[in-house]
Amino acid sequence: MSLARPSAPTVLCLIGGLYLLLLWPPAARGDCSPPSEVPNAHPDLKGLSSFPVNSTVTYRCNEDFVKIPGQTDTVICLENDQWSEISEFCNRSCDVPPHLRFAMLKRPYSNQNYFPVGSTVEYECRLGYRRVIGLSGTLTCLQNFTWSKPADFCTKKSCPNPGELINGHINGTTDFLFGATIYFSCNTGYKLIGEKSSLCVIMGDNVGWTEQLPVCREIYCQEPPKIENGRIVRGEREQYVYSQAVMYACNRGFTLIGEDTIHCSARGDEGEWSGPAPQCRGRSPPATSPPVSKPTTANVPATQGELLSRTTTRSHATSIPKEGMIPSDSSLLIAGIVAGVVIIASIGVGVGLWKFRDHCRRR
Ligand SMILES: *[C@@H]1O[C@H](CO)[C@@H](O)[C@H](O)[C@H]1NC(C)=O
Ligand SMILES: *[C@@H]1O[C@H](CO)[C@@H](O)[C@H](O)[C@H]1NC(C)=O
Ligand SMILES: *[C@@H]1O[C@H](CO)[C@@H](O)[C@H](O)[C@H]1NC(C)=O
Ligand SMILES: *[C@@H]1O[C@H](CO)[C@@H](O)[C@H](O)[C@H]1NC(C)=O
């Protein structure tokens, strides 16, 4: 009776079902569900729950785990609504190998970050260092995820021995190792021409000194000063070096004032005479005695006997013309005779007067 006309509730049910089918299409129609777990990693879902075909999800390693190089960390939603294959790709690792003062990681290891237990890394010596024979330059990642202790398998290279500094000396280290500084100084009386110090640094594949050895050159004094009425009697020479002395003496009739000897000394890098040259002062000549009669040796030491005699004779020759003011010998003689006659006459007169007085008293 009612088969031809379905009831109203049945129609409503059919329409509702159709509506539900349209609203939630089956998952099989181009969508992946959230990807599955991978050991020691977690997917970065970016807050999504539905993933269309060709979309990707990348996993992150858990703390203390490191991605194994060459292994994939990403899955893609395929046409069949399945995620692509992924296998375990995170593992425990040692930290980046230690930075060593004397060595650096060899090429393949220097940009690596996955070091599982038992893996090794190799070092090479830094510039300025050389390998120590018998010590390993390899470190191993240990069971407790620490690196084996590095030995000092590289040591500083040595610069060549700088050699001797003639008339000077080199101080500083004696081993001349890479990084060392040596200092140069000259003996007294010498000045340093060149650099005061040198550093052992990297040069090409090796190490070498930044500076060449300097030279210690003798310090010269200027020519000693000339003096008036005197001269250098000992030590005169072409050039004067440190500690050489000159001695002065005065010409006849002149007195030496000051030190008779000065020596070449060094002030810093410059030669300098130890003091001023002496002066020769003329004495006010006593009128009674001619200056030629008694040679004075007071100004010149006894050892200078030979030089003195030469100087004396010379000063004779030079001093005679200066005596033009003194009366000549003949006038002196006449003056003497006159004086004698006067004295004798006076005595005669005196005696005469005395006798005359005596004679008078007796009267
Ligand atoms: C997925 O990518 C492939 C190749 O890139 C392409 O041929 C295909 O049409 C893409 N599918 C969808 C649903 O975008
Ligand atoms: C993880 O590292 C250990 C050694 O530490 C190794 O034996 C193991 O095979 C590694 N696992 C993977 C998945 O590579
Ligand atoms: C790791 O192990 C080595 C040797 O097995 C040991 O010498 C070192 O002290 C350990 N390091 C730590 C941090 O436990
Ligand atoms: C070497 O001499 C320089 C200056 O002349 C000084 O600075 C330095 O300390 C000296 N070094 C040694 C090891 O004596």
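Note that ligands are numbered from 1 as they come in the structure, with each ligand's atoms numbered from 1 the same way. The figures here come from the full heavy-atom set of this structure, side chains too, leaving out hydrogens, waters and symmetry mates.
- Counting protein heavy atoms under 4.0 angstrom from atom 14 (O) of ligand 1 gives one or more.
- Under the 4.0 angstrom criterion, atom 11 (N) of ligand 3 counts as having a protein heavy-atom contact.
- Residues T58 and D44 have side chains that never bring a donor and an acceptor to within less than 3.5 angstrom of each other.
- Ranking protein heavy atoms by distance to atom 8 (C) of ligand 3, first place goes to N144 ND2, 3.7 Å.
- With salt bridges taken as basic N to acidic carboxylate O contacts below 4.0 Å, one links R267 and E272.
- Of the inter-residue distances, the one linking F153 atom CZ with E124 atom CD reads 10.0 Å to the nearest 0.5 angstrom.
- Separation of atoms CD (Q279) and OG1 (T255) is listed at 12.0 Å; rounding is to 0.5 Å.
- In this structure, the protein non-hydrogen atom closest to atom 6 (C) of ligand 1 is N54 ND2, 4.2 Å.
- Shortest contact from atom 4 (C) of ligand 3 to any protein heavy atom: L142 CD1, 4.0 Å.
- Considering all non-hydrogen atoms of both residues, Y240 and G235 come closest at CE2-O, 3.4 Å.
- The minimum heavy-atom distance between L78 and C32, with the atom names listed, is N-SG, 4.2 Å.
- In this structure, atom 2 (O) of ligand 2 has a protein heavy-atom contact shorter than 4.0 Å.
- Of all atoms in ligand 2, numbered sequentially from 1 with element shown, those under 4.0 Å from a heavy atom of I68 are 12 (C), 13 (C), 14 (O).
- Contact atoms of ligand 2 toward V117: 5 (O) (distance under 4.0 Å to a heavy atom of the residue).
- Stacking of R92 on the aromatic ring of F145 is recorded, both the 6.0 Å distance cut-off and the 45° axial limit being met.
- Among all non-hydrogen protein atoms, the one lying nearest atom 9 (O) of ligand 1 is E79 OE2, 4.5 Å.
- Residue N91 has at least one nitrogen or oxygen atom sitting less than 3.5 Å from a nitrogen or oxygen atom of ligand 2, judged on distance alone.
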